[in-house]
Number of protein chains: 2
Amino acid sequence: MMDKIKQSRSYGHFCALARALDIVGERWTLLIVRELLPGPLRYTELKVSLAGIATNLLVERLRALESNGIVERRLGETGVVYALTRWGTGLREPMEALGNWGAPLLTTGRNGDSFQPRWLTLALPGLLRGVTATPPVELGLEADGFRMVLRVDEDGPSVIVRPDQPDTIFTASAEVVVGLAAGGLTIDQAVPLGDLQGDRRILSAVFPPGRVIAGRTRET
Amino acid sequence: MMDKIKQSRSYGHFCALARALDIVGERWTLLIVRELLPGPLRYTELKVSLAGIATNLLVERLRALESNGIVERRLGETGVVYALTRWGTGLREPMEALGNWGAPLLTTGRNGDSFQPRWLTLALPGLLRGVTATPPVELGLEADGFRMVLRVDEDGPSVIVRPDQPDTIFTASAEVVVGLAAGGLTIDQAVPLGDLQGDRRILSAVFPPGRVIAGRTRET
DNA sequence: CTGCATCCGCTTCGATACTG
DNA sequence: CAGTATCGAAGCGGATGCAG
């Protein structure tokens, strides 16, 4: 059998946006990248996390992403894992911006939609954009069993997934964490809904009270 | 006949990015928004500028964008024009970021791809990101017959399309203008290739020499 | 001319079943 | 676990038609 590297149809526009959409504009592609932003995953993990994707599409997209230099296959201890290349991680910024734009669409509520706590690694820096801290602060977060480290430094917020946790750790449901980041919950309201270990001042540094949330609202 | 407002298939993910892609992730949709960013256009103008789109798709996408509150129909003097709502203009930032990410894809050259000078209004602020000026400076640009005003202030660069032109105007081909913004051409190289009227120092303020271009390269 | 609507062949998508 | 194979349904692209 011949490997057919499927080439997606091009817009044929000499424009950086159109060229970008030529390779990441197809259905599911950016969501695959979203899954890989926090770190490498195996095929089956991808399939599970991307609830709803057809298995043939997942393979096809991964092949295309690989041939375009966005994703690479690596041999881990347990088998094959898919990881973003450096070029691929550059998609974080546009994806974060698009997520920020789309944030008001979440106010209609979760309606049987699936949810994965790893998606918070994209959402939290977006919601906290503009928050800075010197010296840097780090907060461990555990939401729905998923552990991450939220770091705020002079450049702004970022989320890393790594084994060692900082001294201060906040454990709560994803809703509470998002509520805190989105400004719907104050720290006083959120803390009793979760479990805080460590220094409460870290929380106020990371989720500064009275912050003005980028208040784009839809006027449907 | 019944208006059928076609609803695009949802990913069913409770995630701002996925919700955004639910409504602007389909083929052609973001390119329609790109056309409207500089200002309202009529149906036929859209069709021409978006070389390659099928007429039924254009109608369908415009209807969907309208029902999602991103585009609105207005009655101009000459007929119907399509314009972005305020919510729609918020897409500029993610689109600019995605275009910036995709900029290296242009280095393979234009290969019979179509080109519209109005696309520069998206590309130039992207390429010049990080450049600031106090007090603000404005440069008139005419590329391939399309006129725009490039403004740089303390918040960075932006492009506006408006009738009145600033005192300093640079007229050149789109290639030269892009070369200048991308750093491939110095001011000394570019000026003889075009026509400069006014103050050359405006050029150096807008296209500062020795600027480090966000040097993401593909390692295909 | 503008601003679409309709038709049709092709491609892509999604769901399910199956395999090394 | 990590995919391949198949097939009906939906979406896309190009051509054409037509009213205002």
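Position along DNA chain C of the nearest nucleotide to A:Thr55 versus A:Glu26 favours A:Glu26 as the more 5'-ward residue. Where A:Val81 and A:Tyr11 each meet DNA chain D at their nearest nucleotide, the meeting point lying more 5' is that of A:Val81. Nearest-nucleotide positions on DNA chain D for A:Gly79 and A:Asn56 put A:Gly79 closer to the 5' end.
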Review point. Should A:Arg129 and B:Glu93 be marked as a salt bridge (Lys or Arg N to Asp or Glu O under 4.0 Å) after you check the CA-CA gap, both sets of side-chain angles, and the distance that decides it?
Key: CA-CA 14 Å; A:Arg129 202 191 312 195; B:Glu93 191 187 335; 2.4 Å; yes
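Look at B:Arg9 and you won't find any side-chain N or O under 4.0 angstrom from OP1 or OP2 of D:dA9. A close approach under 4.0 Å does not occur between any side-chain nitrogen or oxygen of A:Tyr43 and OP1 or OP2 of D:dT4. For B:Tyr82 and C:dT2, the shortest distance from a side-chain N or O to OP1 or OP2 is not below 4.0 Å. For the OP1/OP2 pair of C:dG14 and a distance below 4.0 Å, the side-chain nitrogens and oxygens of A:Arg27 include at least one atom meeting the criterion. Look at B:Thr44 and you'll find a side-chain N or O under 4.0 angstrom from OP1 or OP2 of C:dG3. Side-chain N/O atoms of A:Arg73 include none lying less than 4.0 angstrom from OP1 or OP2 on D:dA2. Look at B:Trp28 and you won't find any side-chain N or O under 4.0 angstrom from OP1 or OP2 of D:dG11.
If you measure from atom CD of A:Gln7 to atom C1' of C:dT11, you get 15 Å, rounded to the nearest angstrom. Per the geometry, CG belonging to A:Leu50 stands 14 Å off P belonging to D:dA2, to the nearest Å. Atom CG of A:Leu58 and atom C1' of D:dC1 are 13 Å apart (whole Å). Spacing between atom CZ of A:Arg61 and atom P of C:dC13 amounts to 4 Å, rounded to whole angstrom units. As a whole-Å value, the separation of A:Leu57 CG from C:dT11 C1' is 12 Å. In this structure, the CD atom of A:Glu45 is 12 Å from the C1' atom of D:dA2, given to the nearest Å. Between the CD1 atom of A:Ile53 and the P atom of C:dT16 there is a distance of 15 Å, rounded to whole Å. If you take CG of A:Leu75 and P of D:dA2, they are 11 Å apart, rounded to a whole angstrom.
Side-chain proximity of A:Arg42 to C:dG3, D:dC1, D:dG3: nearest is D:dC1.
By the 30° and 60° cut-offs, the orientation of the rings of B:Tyr11 relative to B:His13 is tilted.
Between B:Glu96 and B:Arg34, none of the side-chain N atoms (NZ, or NE/NH1/NH2) sits under 4.0 Å from a carboxylate O, so this pair counts as no salt bridge. Remark: B:Asp22 does not engage B:Arg9 in a salt bridge, criterion side-chain N to carboxylate O under 4.0 Å. Salt-bridge formation is not detected for the pair A:Glu45/A:Lys47: no Lys NZ or Arg NE/NH1/NH2 atom is positioned less than 4.0 Å from an Asp or Glu carboxylate oxygen.
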